[in-house]
Amino acid sequence: MPENAKNRQAALDYHALPKPGKLEVRATKPLANGRDLSLAYSPGVAEACIEIKKDPSTAALYTSRANLVAVVTNGTAVLGLGNIGALASKPVMEGKAVLFKKFANIDCFDIEVDQSDPEKLADIVCALEPSFGAINLEDIKAPDCFTVERICNERMNIPVFHDDQHGTAIVVGAAATNALYVAGKKFEDIKIVSTGGGAAGIACLNMLLKLGVKRENVWLCDVHGLVYEGRTEDMNPIKSEYAQKTDLRTLDDVIPDADLFLGLSGPNVLTPEMVAKMTDTPIIFALANPTPEIMPDAARAVSPNAIIATGRSDFPNQVNNVLCFPFIFRGALDVGATTINDEMKIACIEGIAALARETTSAEAAAAYQGEQLTFGADYLIPKPFDPRLVGIVSSAVAKAAMETGVATRPIEDMEAYKATLDSSVFKSALLMRPVFQAARATPRRIVFAEGEDERVLRAAQAILEETSERPILIGRPEVMEQRMERAGLTLKLGSDVDLVNPENDPRYRDYWETYHNLLARRGVSPDIARAIMRTNTTAIGAVMVHRGEADSLICGTFGETRWHLNYIEQVLGRDGNRAHGSLSMMILEDGPLFIADTQVHQHPNPEQIAEIAIGAARHVRRFGLTPNVAMCSQSQFGNQGDGSGSRLRQAIQILDEGGHDFAYEGEMNIDTALDPELRKRQFPDNRMEGPANVLVFAHADAASGVRNILKMKGGGLEVGPILMGMGNRAHVVSPSITARGLLNMAAIAGTPVTEYG
């Protein structure tokens, strides 16, 4: 089958299977019994209706309206397909709704209206105001879209945003801001030549004027040539605002000395000969899809310094509206904005542009493997999958709405609001907040054994930005430099982070002598010590912690846990330090669940199980949570005499004798641990209240299996494993850990021992 046919069939299968379409509706409240039904509908629903009648603003409290957007179209200008009608546009509108949900957790209904009269369409949209918190107009042809948006904005008291106009304009504005930064130019000084007098093209020019471009420096062309004073063919009042008083008539006439070409028209409109007439370092935004006004290679052939953006994903600098609309709506909805004004749009531009100038996130790098994501001519705007967009852009939009007086529900604590937004994409952010706060209080030195790993390098960059810790990286500097450059990181070895080069470090003799002195009576000769201190980065890191040159070691991004743990215990297993077990925090949709012991003890005895439970309870409190520990087994409260149940019962007896201040119970099945009603039926006098948040197992296979099932099939995000019993001096992570996971572990390792326990 030809490649095009395969791609077409793949697209059709994506929309058809396993069920038609891309959306479904799910309930947010339980409906499991008669009581639920009476609350959800009659008679309980009447109470919410009465409250909203008394105070319409309470609709944001009792209904989903404050997080609900309508995507509305009549299908008259759909993508590059043109006027295909309302029904045929539905797949596009469903896709838009999916993007709202994916990138900003905004619920959406797509509404396709069979109405071509713009005033009648506006009437229909205005009638929808009671149902929605905002309206996204989509794929309505020009100039009708201007009419619809104007009427809706005049009559409605919620945001109305035509994404084809303003979304494109915002992303173009952000890209232009950074392109001029790279080129060393200013908005007020540049000449712009634009092709395309449609909704998007006009909106982009309007936005560029707000950013400082002078109207007399804008030359607008369409299929009929230059828009000039006195022209009558295919003109409208919006287009006429850009008419130039001139004898010039064609694109070729006006392109000389242009600083910025803005194309929102059709394929191959701009020729290489025209590019050659532009200024040095021309900025070319050829945004027609699927074939741009000029292909990037053709432009660079005549102007090697050209800064180029397209609408395609297979070239750098894709101008994609998804960088804007989810996040501007998120901010507008969260403050109950009555409109989306120019100040909010400019705040969106500034947020997007500023983010591109920062170091690329590890999550974006993982989503776009192989691409160079370093700010510059080929990276002017961030990638849509950069999870920082929602926090940075939405909070900027919300702030602008409040400052301009269009917010009906102002946010008092913007820092907390941004943290909440970040936690919606970084699942661990909210739970890790107290740990990060503790880590910031006292600067500590964290040594990473696998310093050459790109995840470690990205984590080190984030540590410098988010904590007061000092990273120490073990590895070859030339390898690190190469990988940092490829990843677009701004770390400076030796100044931002400390470096240990196993191949050439002035402390080498001190390290191998230390290692030999510690292990001379365990068969480690000087030659073996020398070899290990040249090749074994985990052992080197452990020696550094032992010598007081680092406060904590993080290792394990590759290799087997027991191998790493062997060297940690050899060097640091003194002064009462001994690995009691490892604890994994699994962040699930309904909250965190801690699992132990996933790594250290394959078959722990009762004393070890008790230590695991005590350590787990202590660590759970580090996250601001109250531990509720369940000892989990196939056995249920003594119904099996041997196996893991016996060891767990003995562990509980040990805990009882110790008089500990946390809730624990067992032995029990996992479902009994998590379901307090089931537990009450099984054992009415059990000492636990509510569901367990810590599951302790008597076999590492069981603990590890539960952890991995939750991670792979339950959508759980792991924080850890946390190595318990080593005084927070070392942690062995799993090879699947992400850069964000390493940052979390660094914060845990960065908590002083006196606070950590």
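Atoms considered below: every heavy atom in the structure, side chains included; atoms not considered: hydrogens, waters and symmetry mates. Computed from a predicted model, the values in this text were never measured in an experiment.
A distance of 5.5 Å separates NZ of Lys120 from CD of Gln115, quoted to the nearest 0.5 Å. To the nearest 0.5 angstrom, Leu226 atom CG is 12.0 Å from Asp252 atom CG. With values rounded to the nearest 0.5 angstrom, Glu229 atom CD is found 10.0 Å from Thr246 atom OG1. A distance of 4.0 Å separates CG of Asp139 from CE of Met93, quoted to the nearest 0.5 Å. Atom CZ of Phe100 sits about 11.5 Å away from atom CG of Asp107, to the nearest 0.5 Å. Note that CG of Asp163 is 12.0 Å distant from SG of Cys145, once rounded to the nearest 0.5 Å.
The shortest non-hydrogen separation linking Tyr242 to Leu205 is OH-C, 3.3 Å. Taking each heavy atom of Gly391 and Lys418 in turn, the nearest pair found is O-CG, 3.6 Å. Closest heavy-atom contact between His162 and Leu137: CD2-O, 3.2 Å. Here the closest heavy-atom approach between residue Cys324 and residue Gly167 is recorded as SG-CA, 3.9 Å. Nearest heavy atoms, Thr73 versus Gly75: OG1-N, 3.0 Å. Minimum heavy-atom separation, Val254 to Lys191: O-NZ, 2.7 Å.
Judged by distance alone, the side chain of Glu94 and the main-chain N or O of Lys22 form a donor-acceptor pair under 3.5 Å. Judged purely by atom type and a 3.5 angstrom limit, Thr408 uses its side chain to pair as donor or acceptor with the backbone of Gly336. No side-chain donor-acceptor contact under 3.5 Å links Asp164 to the backbone of Ala200. Distance alone, capped at 3.5 Å, is enough to place a donor-acceptor pair between the Gln244 side chain and the Val218 backbone. With Arg330 contributing its side chain and Ala104 its backbone, the two residues share a donor-acceptor pair below 3.5 Å. With Arg300 contributing its side chain and Met295 its backbone, the two residues share no donor-acceptor pair below 3.5 Å. In this structure, the side chain of Asn67 engages the main chain of Asn105 through a donor-acceptor pair within 3.5 Å. Judged purely by atom type and a 3.5 angstrom limit, Glu129 uses its side chain to pair as donor or acceptor with the backbone of Asn157. Panel note: side chain Arg312, backbone Pro292; no donor-acceptor pair is recorded below 3.5 Å.
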Legend entry - Trace of the side-chain contact (heavy atoms from CB on, under 4.5 Å) decision for Met402 with Met414: CA-CA 11 Å; Met402 290 160 54; Met414 286 301 296; 4.0 Å; yes

Inset, instruction - Any chance you could lay out the side-chain contact (heavy atoms from CB on, under 4.5 Å) test for Ile111 and Phe132, step after step, and finish with the verdict? - result: CA-CA 12 Å; Ile111 300 176; Phe132 297 97; 3.8 Å; yes

Inset, instruction - Would you check, one step at a time, whether the test side-chain contact (heavy atoms from CB on, under 4.5 Å) holds for Arg215 with Glu241? - result: CA-CA 9 Å; Arg215 186 180 292 273; Glu241 293 181 7; 3.7 Å; yes

Inset, instruction - Verify side-chain contact (heavy atoms from CB on, under 4.5 Å) between Ile202 and Gln165, making sure each step is shown before the conclusion. - result: CA-CA 8 Å; Ile202 296 295; Gln165 291 183 60; over 6 Å; no

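Of the N and O atoms on the side chains of Thr490 and Gln461, at least one donor lies less than 3.5 Å from an acceptor on the other residue. Side-chain contact annotation: Asn341 with Lys345, donor-acceptor N/O pair under 3.5 Å absent. In this structure, a donor-acceptor pair under 3.5 Å is present between the side chains of His166 and Glu149. Asn83 and Thr76 share no side-chain donor-acceptor pair at under 3.5 Å. In summary, the side chains of Thr279 and Lys185 do present a donor paired with an acceptor at a separation below 3.5 Å, with no hydrogens or angles considered. A donor-acceptor pair shorter than 3.5 Å cannot be found between the side chains of Asp222 and His224.
Atom CG of Asp413 sits in a crowded spot, with more than 12 heavy atoms from other residues, nucleotides or ligands closer than 6.0 Å. The environment of Lys399 atom NZ is sparse: at most 12 non-hydrogen atoms of other residues, nucleotides or ligands sit within 6.0 angstrom. Counting non-hydrogen atoms of neighbouring residues, nucleotides and ligands closer than 6.0 angstrom, the CZ atom of Arg8 reaches no more than 12 such neighbours. Within 6.0 Å of atom CG in Asp114, 12 or fewer heavy atoms from other residues, nucleotides or ligands are found, so the atom counts as exposed in its surroundings. The number of heavy atoms from other shown groups lying within 6.0 Å of OH (Tyr181) does not exceed 12. Summarising the local packing, CG of Leu12 is surrounded by more than 12 heavy atoms from other residues, nucleotides or ligands at distances under 6.0 Å. Atom CD of Glu154 sits in a crowded spot, with more than 12 heavy atoms from other residues, nucleotides or ligands closer than 6.0 Å. For CD of Glu188, the number of neighbouring non-hydrogen atoms (other residues, nucleotides, ligands) closer than 6.0 Å is greater than 12.
Within the 4.5 Å cutoff, the side chain of Ser394 has no heavy atoms near those of the Asp334 side chain. A 4.5 Å side-chain heavy-atom check between Pro296 and Thr310 finds at least one atom pair inside the cut-off. Lys239 places a side-chain heavy atom less than 4.5 Å from the side chain of Arg231. Contact of the Leu262 side chain with the Leu208 side chain is registered, since non-hydrogen atoms from C-beta on lie closer than 4.5 Å. Residues Phe103 and Pro384 have side chains in contact (heavy-atom distance under 4.5 Å, counting atoms from C-beta outward). Considering only heavy atoms from C-beta on, Ile349 comes within 4.5 Å of Met207 through its side chain. A heavy-atom distance below 4.5 Å is not found between the side chains of Ile308 and Pro316. A 4.5 Å side-chain heavy-atom check between Cys108 and Lys96 finds every atom pair outside the cut-off.
Look at Lys141 and Asp144 and you find a salt bridge, because one of the NZ, NE, NH1 or NH2 atoms lies within 4.0 Å of a carboxylate O, short of that distance.
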